[in-house]
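To keep things clear, I will list the structure first and then write my remarks on it.
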There are 2 protein chains.
Amino acid sequence: MSYEKEKGLAEARALVMKALAHPTRIFMVDLLTKNCLSVSELTEAVGADVSTVSKHLSILKQAGILVDRKEGNRVLYTLKCPCIMEFVHCIDDVIYQDAEQGISCVLPGARISVKKG
Amino acid sequence: MSYEKEKGLAEARALVMKALAHPTRIFMVDLLTKNCLSVSELTEAVGADVSTVSKHLSILKQAGILVDRKEGNRVLYTLKCPCIMEFVHCIDDVIYQDAEQGISCVLPGARISVKKG
DNA sequence: TGGCAATTTGGCAAAAATGCCAAATAGAGT
DNA sequence: ACTCTATTTGGCATTTTTGCCAAATTGCCA
């Protein structure tokens, strides 16, 4: 399997990863798992400039992670694929396995399993 | 839930995401799902400078995604948590849902399910 | 010890990401 | 039309990332 052949897929994956590879953006995605929020609500939660938050949201939207809809004056953002946080939790495994060795792919709240076929 | 309080977790998550947020690094992680490979084998597969590949590997190792062991002259890299690719496949959902609407969290080869408790 | 292959590290220039301010745009209500 | 609020966009300085070369390191084997 050559990199040339798989480069397109790798780049597409990296685009989504990059979108999540920022503390503020991860945090916002986490918030949006529970609620549908407007730009100003997210801005207040994050504590950065509105324009900064808006640009973060635009990155997440372009990566296909979020969708937005207008509601009067405001723009509400939602997760496009709610499963995104389950996959963030899989990242948590990587974090926790450093703290406690021997544990892999298991979290207190949720157990991830994969069925083939 | 304030950002101040959750910032640490968000940063830890972003660190792991960042490590995966590069086409070459994602590709190498993918390769390492199937085989345990040395730096030169990975270098040949990727087609970049050895020093570049070595630095990529070091980033993945520091993020807790890979582990390395010496075997004679060479250094072999392995996935620390094999489940990492399942999580990459969840990323694929985000990619594919753009192409074909309505499909979420399901891939041809593997279905991700989450059990609470 | 010397030579050779594999890997890592230092350094640096080019490219990309970040975050603020200021300005532009969009919508609701007067 | 005017104002006010919400959001996005342009611009720009600062920081981070990237990837190559050259040099240092490590381990094998003669």
Side-chain angles (χ1 to χ4, degrees), chain A residues 3-4 7 10-29 31-32 35-78 80, chain B residues 3-4 7 10-29 31-32 35-78 80:
Chain A
Y3 187 40
E4 288 308 312
K7 203 170 186 177
E11 279 167 355
R13 284 169 168 172
L15 193 86
V16 181
M17 295 287 190
K18 268 188 193 173
L20 290 168
H22 191 287
T24 301
R25 292 199 290 267
I26 285 227
F27 178 67
M28 293 196 300
V29 168
L31 285 183
L32 291 171
N35 311 295
C36 169
L37 298 167
S38 71
V39 178
S40 26
E41 286 167 327
L42 286 164
T43 299
E44 200 199 342
V46 161
D49 194 275
V50 200
S51 68
T52 301
V53 172
S54 175
K55 277 175 186 171
H56 278 314
L57 290 168
S58 137
I59 289 168
L60 288 165
K61 182 183 163 187
Q62 209 199 335
I65 296 168
L66 301 183
V67 285
D68 62 343
R69 68 172 193 278
K70 288 218 153 177
E71 184 152 305
N73 224 359
R74 308 177 306 148
V75 177
L76 300 179
Y77 280 87
T78 330
K80 191 169 183 184
Chain B
Y3 187 39
E4 289 308 312
K7 203 170 186 177
E11 278 168 355
R13 284 169 168 171
L15 194 87
V16 181
M17 295 288 189
K18 267 188 193 171
L20 290 168
H22 191 287
T24 301
R25 293 199 289 266
I26 285 228
F27 178 67
M28 292 196 301
V29 168
L31 285 183
L32 291 171
N35 311 294
C36 170
L37 298 167
S38 71
V39 178
S40 26
E41 286 167 327
L42 287 164
T43 299
E44 200 198 342
V46 162
D49 194 275
V50 201
S51 68
T52 301
V53 172
S54 176
K55 277 176 185 170
H56 279 315
L57 290 168
S58 138
I59 289 168
L60 289 165
K61 183 184 161 187
Q62 209 199 334
I65 295 167
L66 301 184
V67 284
D68 61 345
R69 68 171 193 279
K70 288 216 153 179
E71 184 151 306
N73 224 359
R74 308 177 306 149
V75 177
L76 300 180
Y77 280 88
T78 330
K80 191 169 184 184

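Below, chain A is the first sequence line, B the second, and so on; all start at residue 1.
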Problem set entry | Atom-to-atom span, CG of B:L60 to C1' of C:dT8 - whole angstrom | 16 Å
Exercise. How would nucleotides 4-11 of chain D be written as a contact map, 5' to 3', with B for base contact, S for sugar-phosphate-only contact and - for no contact, using protein heavy atoms under 4.0 Å?
Worked result: -BSSBBBB
Seminar exercise, completed: With the side chain defined as heavy atoms from C-beta on, B:H56 is closest, among D:dC20, C:dA26, D:dG19, to D:dG19
Problem set entry | Whole angstrom value for the distance that separates P of C:dA16 from CD1 of A:I59 | 14 Å
Exercise. Could you state the interatomic distance from CG (B:L60) to NZ (B:K80), rounded to the nearest 0.5 Å?
Worked result: 12.5 Å
Problem set entry | A:Y77 OH to A:L66 CG distance, which is reported to the nearest 0.5 Å | 7.5 Å
Problem set entry | Approximate separation, where rounding is to 0.5 Å, of B:I59 CD1 and B:L15 CG | 10.0 Å
For this session: Return the value, rounded to whole Å, for the distance between atom CD of B:E71 and atom P of C:dT7.
Result: 11 Å
For this session: Would you mind reading off the distance between B:L42 atom CG and D:dG19 atom P, rounded to a whole angstrom?
Result: 15 Å
Exercise. What is the distance, rounded to the nearest whole Å, between atom NZ of A:K18 and atom P of C:dT18?
Worked result: 9 Å
Exercise. Atom CD of A:E11 and atom C1' of D:dT18: how far apart are they, to the nearest Å?
Worked result: 14 Å
Exercise. Hey, does A:V53 have a side-chain heavy atom less than 4.5 Å from the side chain of A:M28?
Worked result: yes
Seminar exercise, completed: The residue, A:G47 or A:K70, whose nearest nucleotide of DNA chain C is more 5′ is A:G47
For this session: Measure from CZ on B:R25 to C1' on D:dG19 and round the result to the nearest Å.
Result: 12 Å
Exercise. Between atom CD in A:Q62 and atom C1' in C:dA16, what is the gap in whole Å?
Worked result: 14 Å
For this session: Only counting residues at least two apart or in another chain, list the ones meeting side chain to side chain donor-acceptor pair (under 3.5 Å) with A:S54.
Result: none
Under 3.5 Å, sequence neighbours excluded: what are the donor-acceptor pairs made by side chains of residues 45-52 of chain B?
unit_1: B:D49; atom_1: OD1; unit_2: B:S51; atom_2: N; d: 2.9
unit_1: B:D49; atom_1: OD1; unit_2: B:S51; atom_2: OG; d: 2.7

